[in-house]
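Input: a single structure, listed below in structure tokens.
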2 protein chains.
Amino acid sequence: MPTRKFETVISLRDIKVACQECSLKEICLPVGIGQEDLDRLDAIIDRKRPLARGDHLFRVGDGFQSIYAVRSGSLKTYTTSQDGQEQVMGFQLPGELVGLDAIAEDSHPLAAKALETTSVCEIPFTDLESLSGQIGGLQRQLLRVMSQEIRDDEHNMVILGQKSAEQRLAAFLISLSNRFRRRGFSATQFNLSMSRSDIGNYLGLALETVSRLFTRFQNEGLLRVDRKHIELLDREKLCTYSGAQCAEDDVLQAEPNN
Amino acid sequence: MPTRKFETVISLRDIKVACQECSLKEICLPVGIGQEDLDRLDAIIDRKRPLARGDHLFRVGDGFQSIYAVRSGSLKTYTTSQDGQEQVMGFQLPGELVGLDAIAEDSHPLAAKALETTSVCEIPFTDLESLSGQIGGLQRQLLRVMSQEIRDDEHNMVILGQKSAEQRLAAFLISLSNRFRRRGFSATQFNLSMSRSDIGNYLGLALETVSRLFTRFQNEGLLRVDRKHIELLDREKLCTYSGAQCAEDDVLQAEPNN
DNA sequence: CAAATTCATTGATCTATATCAATATTTAAA
DNA sequence: TTTAAATATTGATATAGATCAATGAATTTG
């Protein structure tokens, strides 16, 4: 919840913040990169000033220059079909990357819009590319990140392809919870920066269905909802509801390397 | 339709076939790689003997060693959820790659099974990785291919998230048609190597729905179906049905660089 | 070649979830 | 603060497509 005033403070201060100090460094570039190489990587990363809610980081068709890492806040990515129908493709939380799908054709197939005040790191791709030719660990990490994204998308396919509304929303909440936790936020209490309509669109459900499910989950004692605020009361049961192997997820994703 | 006899012939002959002669070379490694580099790449690629229908190329949880390019035939990739329910994630046609989703965790999240007699090139990943550190064009191409895969998965999300049964099947057929054409096969006449059930599963539909739609499309004069054989009679109308920007697709994907 | 198995088609019915509609709440604007 | 515009909730109804069920090809097996 940075204020306008805060904005200018950030731009003064952040410009000097190095990757080493960035809370996201294990996520952006986890493994096997030495201090020296890290400095080189740091040198190419550009810290932009925050986006306001509703601002676009990029739009469909924009030329591809950079990938971005969310530092704080959140984004949604989406397309609009020719009949004006919007399809939400994903939500990006702190520590997550956007824009990897633009490499193939040198242009962004999705738009990315800030759901709240959001700041990102910009990583110019040509620099990253040439650097990753020199630093083995970086190349590998880049491939891993992309591979993981493919995997996540496959997971979404399963959800959209054969899960019930109830399972979809449960899985969505568990996924958010895991992602928050991994970044050091609370796994049981968080704010949804996206609207019910965004959630529904993302999950292939009507927004009314999402709303009804929230009330139902609340009545069943699984969680507490207050507008945007969510408190998960029975994570385990929610996992069961999601019909997924998310106990496994818990083990694998909980505090991976702290 | 290679026979058993043919199999041994292949193994004798293929072992000498170089990437340069491979009809897939523009697909596997399209751009900006010189002859010399191509030889180096060729040296690491292993040509395996064909898989029979039903054989697995790899299974869920198998350690990740290589990615594979389909040379002939076709594969399906799928997972099985804990309740035994299968989810088909994709079909791979000649010239397409499988296994990119295994890089992230060093193990295959999906199984890959031959839908018919199928031969593949095996590309050991560590070799590919070190080579791509040396050959700029290769690194870039690898990233492009992965990026494209993310894009394709995003496209699938749109289809599963908000298209009707009719639109899904139409889009599926158009996609197959485009992919066949790009590889030099007929765009209007082809065989489905997968069952109705596989198609339905992939599209998030019941197999009965798929069957009904085939008959309906046929009655409307859009296509002719005879068991596995498909002949597209009105591609344009099918595009309209799919509710997609596939006229665009046609332009972009038709014979990209011949 | 017959028997068994798998796969596909077609019909009848049921249901999860969309859609339509009204109201309430929150946020933004004036 | 008042008004306007989003956004969310809740209810009533409609429907696309699932599920159940029976039959008919095709393919595989012994």
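Within every chain, numbering begins at 1; the chains are lettered A, B, ... in the order of the sequence lines, protein sequences first and strands thereafter.
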Worksheet item: So which of A:Lys76, A:Arg71, A:Arg183, A:Arg182 actually passes salt bridge (charged side-chain N to carboxylate O under 4.0 Å, His left out) with A:Glu96?
Response: A:Arg183
Worksheet item: In whole Å, what is the span from the CG atom of B:Leu115 to the P atom of C:dC7?
Response: 11 Å
Worksheet item: What about the rings of A:Tyr202 and A:Phe91, do their centers lie closer together than 6.0 Å?
Response: yes
Worksheet item: Taking C-beta and beyond as the side chain, do B:Lys228 and B:Ser193 meet within less than 4.5 Å on heavy atoms?
Response: no
Worksheet item: Within the pair A:Thr209 and C:dA18, is there a side-chain N or O less than 4.0 Å away from OP1 or OP2?
Response: yes
Discussion item. Using a heavy-atom cut-off of 4.0 Å across all strands, would you classify B:Gly204 as base, sugar-phosphate, or nothing?
Written reply: sugar-phosphate
Worksheet item: Checking A:Asp226 side chain against A:His229 main chain: does a donor-acceptor pair fall under 3.5 Å?
Response: no
Worksheet entry | Given D:dT10, C:dA18, D:dA21, the nucleotide with the shortest approach to the side chain of B:Glu208 | D:dA21
Worksheet item: 5'-most contact on DNA chain D: B:Asp226 or A:Phe214, nearest heavy atom basis?
Response: A:Phe214
Fill in: side-chain N/O B:Arg196 vs C:dT9 OP1/OP2, d < 4.0 Å
yes
Discussion item. If I take atom NZ in residue A:Lys163 and atom P in nucleotide D:dA18, what distance separates them, rounded to the nearest angstrom?
Written reply: 16 Å
Item to complete: Could you tell me the separation between the CG atom of B:Asn191 and the P atom of C:dC7, rounded to a whole number of Å?
Response: 17 Å
Discussion item. Check the phosphate of D:dA16 against B:Ser164, side-chain N and O only, distance under 4.0 Å to OP1 or OP2. Yes or no?
Written reply: no
Worksheet item: Is the backbone of A:Val98 close enough, under 3.5 Å, to the side chain of A:Gln92 for a donor and an acceptor to pair up by distance?
Response: no
Worksheet item: Is the shortest side-chain N/O distance from A:Thr215 to OP1 or OP2 of D:dT10 below 4.0 Å?
Response: yes
Worksheet item: How long is the line joining CZ of A:Arg168 and P of C:dA16, in whole Å?
Response: 14 Å
Practice prompt. Under 4.0 Å between any heavy atoms, over every strand shown, what does A:Ser195 touch: base, sugar-phosphate, or nothing? Just pick one.
Written response: sugar-phosphate
Item to complete: Please state whether the base of C:dT19 and the side chain of A:Arg212 form at least one donor-acceptor pair under 3.5 Å?
Response: yes
Item to complete: Go through C:dA18, D:dA8, C:dA8 for me and flag the one nearest to the B:Arg227 side chain.
Response: C:dA8
Worksheet entry | Closest-nucleotide 5' rank along DNA chain C - winner of A:Lys228 and A:Ala206 | A:Ala206
Discussion item. I need the CD-P distance between A:Gln162 and D:dG17, as an integer number of Å.
Written reply: 17 Å
Worksheet item: Checking all strands, does A:Leu207 fall into the base, sugar-phosphate, or nothing category for heavy-atom contacts under 4.0 angstrom?
Response: base
Worksheet item: Looking only at N and O atoms, is any donor in the side chain of B:Arg53 or the base of D:dT27 less than 3.5 Å from an acceptor on the other one?
Response: no
Practice prompt. Provide, to the nearest angstrom, the distance between the CD1 atom belonging to A:Ile199 and the C1' atom belonging to D:dT7.
Written response: 12 Å
Worksheet item: Hey, does the side chain of B:Ser177 reach the backbone of B:Ala187 with a donor-acceptor pair shorter than 3.5 angstrom?
Response: yes
Practice prompt. Specify the separation, in whole Å, of atom CG of A:Asp198 and atom P of D:dT7.
Written response: 9 Å
Worksheet item: Nearest-Å distance, CZ (A:Arg216) to P (C:dT17)?
Response: 9 Å
